[in-house]
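Reviewing the structure listed below.
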Amino acid sequence: MSASTTGLSRFYLLLAALTLALFAFANLRSPLVNEDGVLYLLLAERIGNEGLSSAFALYDRPFYPWLISAIHAVSGLSLTHSALCLDATFCVLLTLAFAEFCRLLYDDRGVLPWAALLILAHPKLNNYFGFVIRDIGYWALLFVSFCAWLRHLRDARMRWLLLWAPATLLAAAQRPEALVFGLLLPPMLLLAPRRARDATLARVMLAWGLVFGAMALALALVAALDPATFVQPMRDANDVPAALWRDIPTHFRAAVERYAHEVLDPHSGDVAALSLAGGLLTILLVKILNGLGPLQCLLLAHGLWRSGVAVAAVHRRAYATMLVGAVLIAAAFVGYRHFLDTRYVMLAVMLMLAPAARSLQKIAAHAFARGAPARATFVAAALLLASLDLLLGLDRPKPYLDECALWLRANLPPGSPVFANDKQLAWTSGARWDYQTAHDANLLIAEGSVPLAGNAYWIIHRKRGDEELARQLEHYRPLLTPLHRCAEPKGSVVEIFRQAPAP
């Protein structure tokens, strides 16, 4: 093994170790399982008890919880610890694949430490390190597929296509929108210079065949295992592209009518569509900029101004396609839901971190050329700014929830039947509860239709300013004996009650 390869291996080992340290830090800061994570753990539990087909009753894409269930069955770890093992693996894979992606994109090992610094210090990503979510695996596997694609562009070897296709499919098993890249990237081969057109067209068809042919085969095999359970979810999945094409304009027109009626003056109704479209594009732009953060935005602006962040010529079209695909996925979501969580722009944000890392590398090279004092000063300043960016962008802890979780684990008899409107606390309590009832709890309280039979305890989380929920709870107060109360200074509160026997 050459000294160059040994140095690269050591760098990636150090990067993996730092990732695991930050993963541990994120989970120690957020000991409660996030709300989406509760659903995945419930699905994993159901898969372990009743088989994969049972999970489709709650969720139509149970691949991620199936992995958790498999780790639980093989290792004997709890479901929560099995999820942590899976997520830790995905987190390490993501940081390694991102660093390798930047190296391949610029064909320069010098960008590696700066790419590692930006990805490790990204506060939004570190927040997600503390979540049980499928998105980490989706991003990690996509960047593996992107690395394979860049390598294939470089030397046209078949082995890279044979890595790209399954990585794309596995990413799609986490989130189906990964197939967008399976669709968009192969035609870029036709634009590659100095390639025989017939051979290139054959490679395009081969790439598509590897992805979509394997996907069709996998779906057919899954449906053959249990047709009664799997056929309808497969039909629903096949209808997704047509449904988006059909539903986004329908939802947009309905939103325009509401916007014109409820917000705009009647004389401005003719510009409602333009105004709403501008608002949705603003949401998309703001979410991307917020995901990048001030440090990364400054690095990108500097790189673009100095024109020093252009990727290697052979990779430019592929990189542009990846970035356009990531933005289109986020735009489709905001067009469909008129809402955009940061998770949906994180892929675009991470793709933009590559030129930000290149910009930081260029600034470092300029500083290093001035001698050892300038080098030391720059490294210290870069580490300080990255640390501040990380610490200032982290989610704020909620001590009152942690306090409540500790009280529940210490005082609630395991398996007690509970009515709750907070899935995180319900899961943490170890009690017996129903997911759908917890999902609809506030509505049931408002309607006065809480199912009282069989409940022994209530866990009610009332957010700041939700006085309506407090008023609606008065109807049930005669049946409830207060046991514990956890509150935060801003006004959110969790109350735990014992319920009297239902009349």
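The shown structure was predicted, so the numbers you read here are calculated from the model rather than taken from an experiment. Computation of the quantities below employed the complete heavy-atom set of this structure, encompassing side-chain atoms and omitting hydrogens, waters and symmetry-equivalent molecules.
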### Query
Quick one: do Asp395 and Lys124 make a salt bridge, cutoff under 4.0 Å?
no
### Task
Specify the closest pair of heavy atoms between Ala382 and Trp114, including all atoms of both residues, with the distance to one decimal.
CB-CZ3, 4.4 Å
### Message
Would you call the rings of Trp458 and Phe497 parallel, tilted or perpendicular, taking 30° and 60° as the class edges?
### Response
perpendicular
### Task
List the steps and the verdict of side chain to side chain contact (heavy atoms under 4.5 Å, CB included) for Val493 and Cys486.
CA-CA 6 Å; Val493 62; Cys486 306; over 6 Å; no
### Task
Please round to the nearest 0.5 Å and tell me the distance separating atom CD1 of Ile459 and atom NZ of Lys423.
13.0 Å
### Message
Test your reading of the model: is there a side-chain donor-acceptor pair from Ser387 to the backbone of Leu383, 3.5 Å cut-off?
### Response
yes
#### Entry: Leu184 CG to Leu328 CG distance, which is reported to the nearest 0.5 Å
7.5 Å
### Message
Rounded at 0.5 Å granularity, tell me how far SG in Cys147 sits from NE2 in His152.
### Response
15.0 Å
### Query
Cut-off 3.5 Å, side chains only: do Tyr128 and Asp87 have a donor facing an acceptor?
no
### Query
Does a donor on one side chain and an acceptor on the other come within less than 3.5 Å for Arg134 and Tyr40?
yes
#### Entry: Closest approach of Pro186 to Val204 (non-hydrogen atoms, all atoms of both residues)
O-CG2, 3.2 Å
Enumerate, atom names and distances included, each donor-acceptor pair closer than 3.5 Å involving a side-chain atom of residues 206-217, sequence neighbours excluded.
residue, atom, partner, partner atom, Å
Trp208, NE1, Gly182, O, 3.3
Trp208, NE1, Leu183, O, 3.2

### Query
Are the side chain of Ser429 and the backbone of Ala431 linked by a donor-acceptor contact shorter than 3.5 Å?
yes
### Message
Holding to side-chain hydrogen bond (donor to acceptor under 3.5 Å, both in side chains), I want the full list of residues that pass it with Asn27, two or more places apart in sequence or in another chain.
### Response
none
### Query
Nearest heavy-atom pair of Asn127 and Gly393: which atoms, and what distance?
ND2-O, 3.4 Å
### Summary
The complete set of salt bridge (Lys or Arg N to Asp or Glu O under 4.0 Å) pairs with one or both residues in residues 170-183, sequence neighbours excluded, reads Asp135-Arg175, Arg175-Glu177
### Query
Would a 4.5 Å heavy-atom cut-off, applied to side chains only, mark Leu469 and Asn442 as touching?
yes
### Phe131 CZ to Ile136 CD1 distance, which is reported to the nearest 0.5 Å
10.0 Å
Ignoring hydrogens and angles, write down the donor-acceptor pairs under 3.5 Å from the side chains of residues 90-103, residues two or more places apart or on other chains.
residue, atom, partner, partner atom, Å
Thr95, OG1, Thr19, OG1, 2.9
Thr95, OG1, Cys91, O, 3.4
Thr95, OG1, Val92, O, 3.0
Glu100, OE1, Tyr12, OH, 2.5
Glu100, OE1, Arg103, NE, 3.0
Glu100, OE2, Arg103, NH2, 2.7
Glu100, OE2, Arg151, NH2, 2.8

### Donor-acceptor contact below 3.5 Å, side chain His122 vs main chain Leu390
no
### Query
If we only count heavy atoms from C-beta on, is the Asp466 to Glu468 side-chain gap below 4.5 Å?
yes
### Summary
Smallest heavy-atom separation, Phe129 atom then Ala26 atom, equals CB-CB, 3.7 Å
#### Entry: Candidate pair His439 and Leu444, rule side chain to side chain contact (heavy atoms under 4.5 Å, CB included), full reasoning
CA-CA 10 Å; His439 184 77; Leu444 295 172; over 6 Å; no
### Query
Is it true that a side-chain atom of Arg396 and a backbone atom of Leu394 form a donor plus acceptor pair closer than 3.5 Å?
yes
### More than 12 heavy atoms from other groups under 6.0 Å of CZ on Arg337
no
### Query
Where does the angle between the aromatic ring planes of His338 and Phe252 fall among parallel (under 30°), tilted (30 to 60°) and perpendicular (over 60°)?
perpendicular
### Task
List in chain and number order the residues that pass ring pair (Phe, Tyr, Trp, His ring centres under 6.0 Å) with Trp66, two or more places apart in sequence or in another chain; answer none if no residue qualifies.
Phe63
## Note on the structure
Note: Leu79 and Ala44 closest approach over all heavy atoms is CD2-CB, 3.9 Å
### Query
Hey, does Thr250 have a side-chain heavy atom less than 4.5 Å from the side chain of Tyr336?
no
### Task
Please check if the distance between the ring centroids of Phe146 and Phe181 is under 6.0 Å.
yes
### Minimum-distance pair of heavy atoms, taken over all atoms of Val144 and Ala167
CG1-CB, 4.0 Å
### Under 3.5 Å donor-acceptor, Thr342 side chain and Gly291 backbone
no
### Query
Is the His461-Tyr400 ring centre distance short of 6.0 angstrom?
yes
### Query
Among all residues two or more places apart in sequence or in another chain, which pass the side-chain hydrogen bond (donor to acceptor under 3.5 Å, both in side chains) test with Arg462?
none
### Task
Begin with the C-alpha distance, continue with both residues' side-chain angles, and end with the deciding distance and a verdict on salt bridge (charged side-chain N to carboxylate O under 4.0 Å, His left out) for Arg477 and Glu474.
CA-CA 5 Å; Arg477 291 282 178 180; Glu474 292 301 321; 3.5 Å; yes
### Task
Only counting residues at least two apart or in another chain, list the ones meeting side-chain hydrogen bond (donor to acceptor under 3.5 Å, both in side chains) with Glu257.
none
Tabulate below the donor-acceptor pairs under 3.5 Å that side-chain atoms of residues 275-283 make, not counting sequence neighbours, or state none.
residue, atom, partner, partner atom, Å
Ser275, OG, Tyr259, OH, 2.9
Thr282, OG1, Gly278, O, 2.7

### Message
How long is the straight-line distance from CZ of Phe23 back to CG of Leu120, given to the nearest 0.5 Å?
### Response
14.0 Å
### Task
Test side chain to side chain contact (heavy atoms under 4.5 Å, CB included) on Asp389 and Gln296 and set out the steps.
CA-CA 9 Å; Asp389 188 44; Gln296 291 81 3; 3.2 Å; yes
### Query
Are the side chain of Asn34 and the backbone N or O of Val132 linked by a donor-acceptor pair below 3.5 Å?
yes
### Message
Among residues at least two apart in sequence or on other chains, which ones pass side-chain hydrogen bond (donor to acceptor under 3.5 Å, both in side chains) with Asp434?
### Response
Thr437
### Query
Less than 4.5 Å apart, any side-chain heavy atom of Val494 and any of Asp422?
no
### Query
Among all residues two or more places apart in sequence or in another chain, which pass the ring pair (Phe, Tyr, Trp, His ring centres under 6.0 Å) test with Phe25?
none
### Query
Going from CG on Asp402 to OG on Ser30, what distance comes out if it is rounded to the nearest 0.5 angstrom?
8.0 Å
### Message
Would Lys287 and Tyr344 count as a cation-pi pair here, with the cationic atom under 6.0 angstrom from the ring centre and within 45° of the axis?
### Response
no
### Message
Among residues at least two apart in sequence or on other chains, which ones pass side chain to side chain contact (heavy atoms under 4.5 Å, CB included) with Thr80?
### Response
Val33, Leu41, Ser78, Trp427
Which side-chain N or O atoms in residues 345-361 pair as donor and acceptor under 3.5 Å with protein atoms at least two apart or in another chain?
residue, atom, partner, partner atom, Å
Arg358, NH1, Asp108, OD2, 2.9
Arg358, NH1, Gln361, OE1, 2.8
Ser359, OG, Leu299, O, 2.7
Ser359, OG, His302, ND1, 3.4
Ser359, OG, Gly303, N, 3.4
Gln361, NE2, Asp108, OD2, 2.9

